[in-house]
2 protein chains.
Amino acid sequence: VSEPPREPGEFELIAAIRDRLRAAGAPQRSSSAILGSGDDAAISVDVGARATSVDALVEGVHFRVPPFDHEQVGRKALAAALSDLAAMGAEASEAYVQLGVPAGLAAEDCLRIATGMGAVADQHGVVIAGGDLTRSAILFCAVTVVGNAETPEALVRRSGARPGDAVAVTGELGGAAAGLVVLERAEIAAELEPRVAEELRLRQLEPQPRLEAGLALAGAGARAMIDISDGIGADAGHLAAASDARLELELDLLPVQAGVEAVAGLAGAPASKLIAGGGEDYELLVTLAPERVEAATDALARLGVALTVIGKVTAGAGVGLRSGDGAGIDPSGFDQLDRR
Amino acid sequence: VSEPPREPGEFELIAAIRDRLRAAGAPQRSSSAILGSGDDAAISVDVGARATSVDALVEGVHFRVPPFDHEQVGRKALAAALSDLAAMGAEASEAYVQLGVPAGLAAEDCLRIATGMGAVADQHGVVIAGGDLTRSAILFCAVTVVGNAETPEALVRRSGARPGDAVAVTGELGGAAAGLVVLERAEIAAELEPRVAEELRLRQLEPQPRLEAGLALAGAGARAMIDISDGIGADAGHLAAASDARLELELDLLPVQAGVEAVAGLAGAPASKLIAGGGEDYELLVTLAPERVEAATDALARLGVALTVIGKVTAGAGVGLRSGDGAGIDPSGFDQLDRR
């Protein structure tokens, strides 16, 4: 063995990342994960059915450093992937992480990514069961997440909405898009209450996957569910298409995070663009039989999460998104291939 | 809905990729995959235990176009990931693909990646159960693969080698590294028989995961197994470390692909560098109780795959890699963070 290089090589860095994940509190095993990182593959057994989803965060597309720090990159990469499991009503179990590391990235920054990811893994009881480290011209985190359910039928798909269902959304919208404006335009940030500006920033930098709410909604009889990553207009469209139904939404009913309308006004943009078209809020859009709404609302209230009815499912296709004065707005959200 | 753009957007491209995968013969379902791509997550059920592994191919690091064409990029990305399942003795079941797409990449080239991936999926009965498409400054394919086994114990880990075991390797080594030289140096390619040069090129451009051989070796009692992606020296080191044992290998026993020594001679490099340090051959390195070697050899012969005994496991640590004249060589392979 030659003397250690100034910066660690692949295998040393992998070992250091494992240490950092452990230090951040990431669980080392779960009911289904048997052997974690360190072999050709991770070994796991199932508890019924599993949901698997993939999501990538790419430098220059989904984030820049700054305003993100590397810990937040790790946090957001895992949180965004877990949001898809929330939308299935799955219990998050394992994550696999592929990290593309530019030559100029210090090992310590790479370990900060692990710290952020480990903190989110700790928060949600997720085992980081495997990973891969590779050189890349740009920093990327490609994350695969696996969740469990007792049966395949217990998982909530996008396709189950029926005419007559109520359409509801968790939490508040628009914060992530407004947060991006606040991060990029200091003169707008300066006009806001510091606490409001900080909440908006954090909504963009450190999103929270609605895993507990997703499980509760599945338990309360959710018929169809999707997470809001592309903007509620676009994601409602995906749910409508998968369900072969139409979603009629009332713009004035959408729950809006504090400060979003002020940011829109300062930026000279329609507030609906941030609220309905902005994406990355990672709230859940759900349809429920009307008689289930009260129980679902109560279940979420126990988790401290608001559930707001914003419209209904009708026969037809597509999404209607209308404000009180009857004017329609463009419900399109963002397209991952067009972004920035 | 506005008129379609010249190049398809994210959702159109995903639909076109699905069509292309189907056209290439990629299976649409398996015994364990229930719902494929198109929801927030794929749904699957288990048949006992599963092995999960991730592997990424990054432009400028693992490939360039040319010499690769986009179909070969798709082929190699899935093949390299499946090789890790081969090394576990798992039956390949599902794959999830995250594609980073540069703005300048034509949609048709993106679909060629799907064609190549679909062909490998078809060959090995793998369902491409989910995926994600994102904009990226460089092209990357991050692949997650899932394989099945009846029990966790049926999966072969790196850690089971015991002193006295025979060490064996499938197929032939050095071809992928020599193929890279042939692709990059036309004057060396010109000195080789065209058929030999073409076989070397294909070894680099279109590697084959040893899935059937891995299953057969698991069935024949393999104690420890790893695939050769970093070079046999480095990968033997990983297996030795995981097993807390030492591997004594005879360089002169290593099976070498036709043309590798000629390429080394023409390039003025030691042949051992290509054979033992080159990586990407995706053969399997396995340890077996000596009395199991004959049955394992016969089982692989039925698949048309050679199994060559190249050394033995001893007490101790690390890897000894010696040539007949007693000279040791540096067994280090390549480090993903140092490459190119």
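All chains are named by letter (A, B, ...) in the order of the sequence lines, taking the proteins before the strands, and each is independently numbered beginning at 1. Only this structure's heavy atoms are used, side chains among them; waters, hydrogens and symmetry mates stay out.
Ranking B:Ala86, B:Gly147, B:Ala51 against chain A, the residue ahead of the rest is B:Ala51, based on heavy-atom pairs under 4.5 Å.
For the pair B:Thr52 (side chain) and A:Ala42 (backbone), a donor-acceptor distance under 3.5 Å is absent. A donor-acceptor pair under 3.5 Å links the side-chain atoms of B:Asp39 to the main chain of A:Arg158, judged by distance alone. Under the 3.5 Å distance criterion, the side-chain polar atoms of B:Thr134 are left unmatched by any main-chain donor or acceptor of A:Ala56.
Across every non-hydrogen atom of A:Leu85 and B:Ala41, the tightest pair is CD2-CB, 4.5 Å.
Counting heavy atoms from C-beta outward, B:Arg157 and A:Asp40 have side chains that stay 4.5 Å or more apart. By the 4.5 Å heavy-atom criterion applied to side chains, B:Arg50 and A:Arg50 are counted as neighbours. A:Gln98 is not listed as a side-chain neighbour of B:Val143, based on a closest heavy-atom distance of 4.5 Å or more.
Here OG of A:Ser44 is found 9.0 Å from CG of B:Leu155. Values are rounded to the nearest 0.5 Å.
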